[in-house]
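Below is one structure; the comments refer to it alone.
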Amino acid sequence: IGVLLFFGIVVAFINRSATAVWGHIWMEVGGMVVIFTATALYAQLMKFAKTVEQEKKQIIEERDQLQVILASMGEGLIVVNTKKQVTLMNERAATLLRIPPAEGKGKMIQKIFPIFQKGDAVSAGKKQIISKALKEIELITATVQDNYFCKDKRGKVFPVSFVVESLLKDDHIIGAV
């Protein structure tokens with residue numbers, strides 16, 4: 001496309017005779033091709049921008065829906081990465097632990113959710129409950145009858161039941177919930 005335009009310019013300036021007329025014609029044809037191509041590329045760019053905008057809108061809608069679901073859950077939900085750092089905590093978990101969700105994000109799970117069994121000096125976090133789910137695909141459950149407890153930020157101890165499950169992406173463990 002640009003070659004036609006360039007060819008026309010070269011021929012027009014090299015030859016100042018009858019060939020120059022052909023050079024000008026090639027230059028005009030090349031220029032028109034460049035303009036048409038630019039117009040087509042602009043149309044494709046606008047189509048792509050519209051698609052991106054639609055996908056962005058869909059992602060925002062899905063995110064908002066997920067936030068509503070998490071906020072309306074009756075159970076506390078905490079998600080950790082492979083380093084045992086909190087990446088997500090819903091409002092119910094934050095309420096139970098007496099901390100704002102943003103305060104828990106990035107902290108080690110043992111710091112904000114210290115669980116232990118009654119009469120056990122070693123916290124359950126040190127017993128590797130979450131570590132198991134981060135090393136192997138696991139589903140670990142504990143009921144209130146298992147005598148697990150948690151201590152909130154204010155020091156209040158309360159019984160807990162929980163489910164810890166490996167969080168997978170493409171068959172790889174990326175965290176636990």
Side-chain angles (χ1 to χ4, degrees), residues 38-177:
T39 304
L41 287 173
Y42 178 76
Q44 286 294 327
L45 182 62
M46 290 297 102
K47 183 178 176 182
F48 178 71
K50 184 178 179 181
T51 301
V52 168
E53 190 62 34
Q54 289 170 341
E55 289 178 3
K56 178 183 173 186
K57 183 179 177 183
Q58 181 181 357
I59 289 169
I60 289 170
E61 287 173 3
E62 290 173 3
R63 181 204 61 199
D64 292 347
Q65 181 182 23
L66 182 59
Q67 287 176 338
V68 168
I69 291 168
L70 290 173
S72 65
M73 288 178 63
E75 299 82 18
L77 177 78
I78 301 174
V79 179
V80 297
N81 61 21
T82 55
K83 297 176 184 175
K84 301 180 194 172
Q85 295 171 316
V86 175
T87 59
L88 178 87
M89 180 170 43
N90 71 352
E91 290 291 331
R92 183 66 178 152
T95 300
L96 289 169
L97 298 172
R98 308 275 193 253
I99 61 171
E103 186 178 314
K105 192 171 183 177
K107 292 199 174 150
M108 300 299 288
I109 186 68
Q110 300 91 329
K111 296 288 183 188
I112 65 163
F113 187 58
I115 55 174
F116 57 93
Q117 277 186 298
K118 189 173 184 176
D120 192 354
V122 180
S123 78
K126 293 179 183 166
K127 287 185 173 182
Q128 310 301 323
I129 291 174
I130 293 173
S131 295
K132 286 181 185 179
L134 293 173
K135 289 179 184 171
E136 300 176 23
I137 299 173
E138 288 280 345
L139 176 66
I140 304 161
T141 60
T143 65
V144 175
Q145 290 82 14
D146 293 322
N147 290 318
Y148 279 97
F149 293 87
C150 180
K151 185 184 285 189
D152 70 15
K153 187 176 179 179
R154 296 179 186 163
K156 181 181 176 187
V157 175
F158 57 93
V160 293
S161 60
F162 56 85
V163 175
V164 177
E165 185 171 5
S166 305
L167 190 58
L168 302 175
K169 181 178 180 182
D170 301 326
D171 295 330
H172 291 82
I173 297 172
I174 61 167
V177 59

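Note that the structure is predicted; figures quoted are calculated from it, not measured.
- Nearest approach of I115 to C150, heavy atoms of both residues: CG2-CB, 4.1 Å.
- Within 6.0 Å of the CD atom in E62, the count of heavy atoms belonging to other residues, nucleotides or ligands exceeds 12.
- With contacts defined as side-chain heavy-atom distances shorter than 4.5 Å, the pair S131/K84 qualifies.
- When all heavy atoms are compared, the tightest approach of K151 to F116 is N-CE2, 4.4 Å.
- In this structure, CG in L134 is found 12.5 Å from NZ in K132, a value given to the nearest 0.5 Å.
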For this session: Could you check L168 against I173 for side chain to side chain contact (heavy atoms under 4.5 Å, CB included), going step by step and ending with a plain yes or no?
Result: CA-CA 5 Å; L168 302 175; I173 297 172; 3.5 Å; yes
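- I112 CD1 to K105 NZ: the interatomic distance, rounded to the nearest 0.5 Å, is 12.0 Å.
- Here the shortest heavy-atom pairing between M89 and I99 reads CE-CD1, 3.7 Å.
- Annotation: the span from T143 atom OG1 to Q145 atom CD amounts to 4.0 Å, rounded to 0.5 Å.
- Counting all heavy atoms, side chain and backbone alike, R98 lies closest to D152 at CG-OD2, 3.4 Å.
- Only one option out of I109, L88, N90, L96 pairs with I78 in a side-chain contact (heavy atoms from CB on, under 4.5 Å); it is I109.
- Distance check: T39 OG1 to Q44 CD gives 12.5 Å after rounding to the nearest 0.5 Å.
- Judged by distance alone, the side chain of R92 and the main-chain N or O of G74 form a donor-acceptor pair under 3.5 Å.
- Using a 4.5 Å cut-off on side-chain heavy atoms (C-beta onward), L70 and M73 make contact.
- Surrounding CZ of F158 are more than 12 heavy atoms belonging to other residues, nucleotides or ligands, all under 6.0 Å away.
- Here the side chain of S166 pairs a donor or acceptor atom with the backbone of A133 at under 3.5 angstrom.
- Looking only at side-chain heavy atoms (C-beta outward), I130 and F113 stay at 4.5 Å or farther from each other.
- Here the side chain of D146 pairs no donor or acceptor atom with the backbone of Y148 at under 3.5 angstrom.
- The 12-atom threshold is not exceeded at CD of E91, counting heavy atoms of other residues, nucleotides or ligands nearer than 6.0 Å.
- Here CG of L97 is found 10.5 Å from CD of E103. Values are rounded to the nearest 0.5 Å.
- E138 places no side-chain N or O within donor-acceptor distance of the main-chain N or O of V164, the cut-off being under 3.5 Å.
- The environment of CZ in R154 is sparse: at most 12 heavy-atom neighbours from other residues, nucleotides or ligands sit within 6.0 Å.
- At a threshold of 4.5 Å between non-hydrogen side-chain atoms, the residues Q85 and M108 count as touching.
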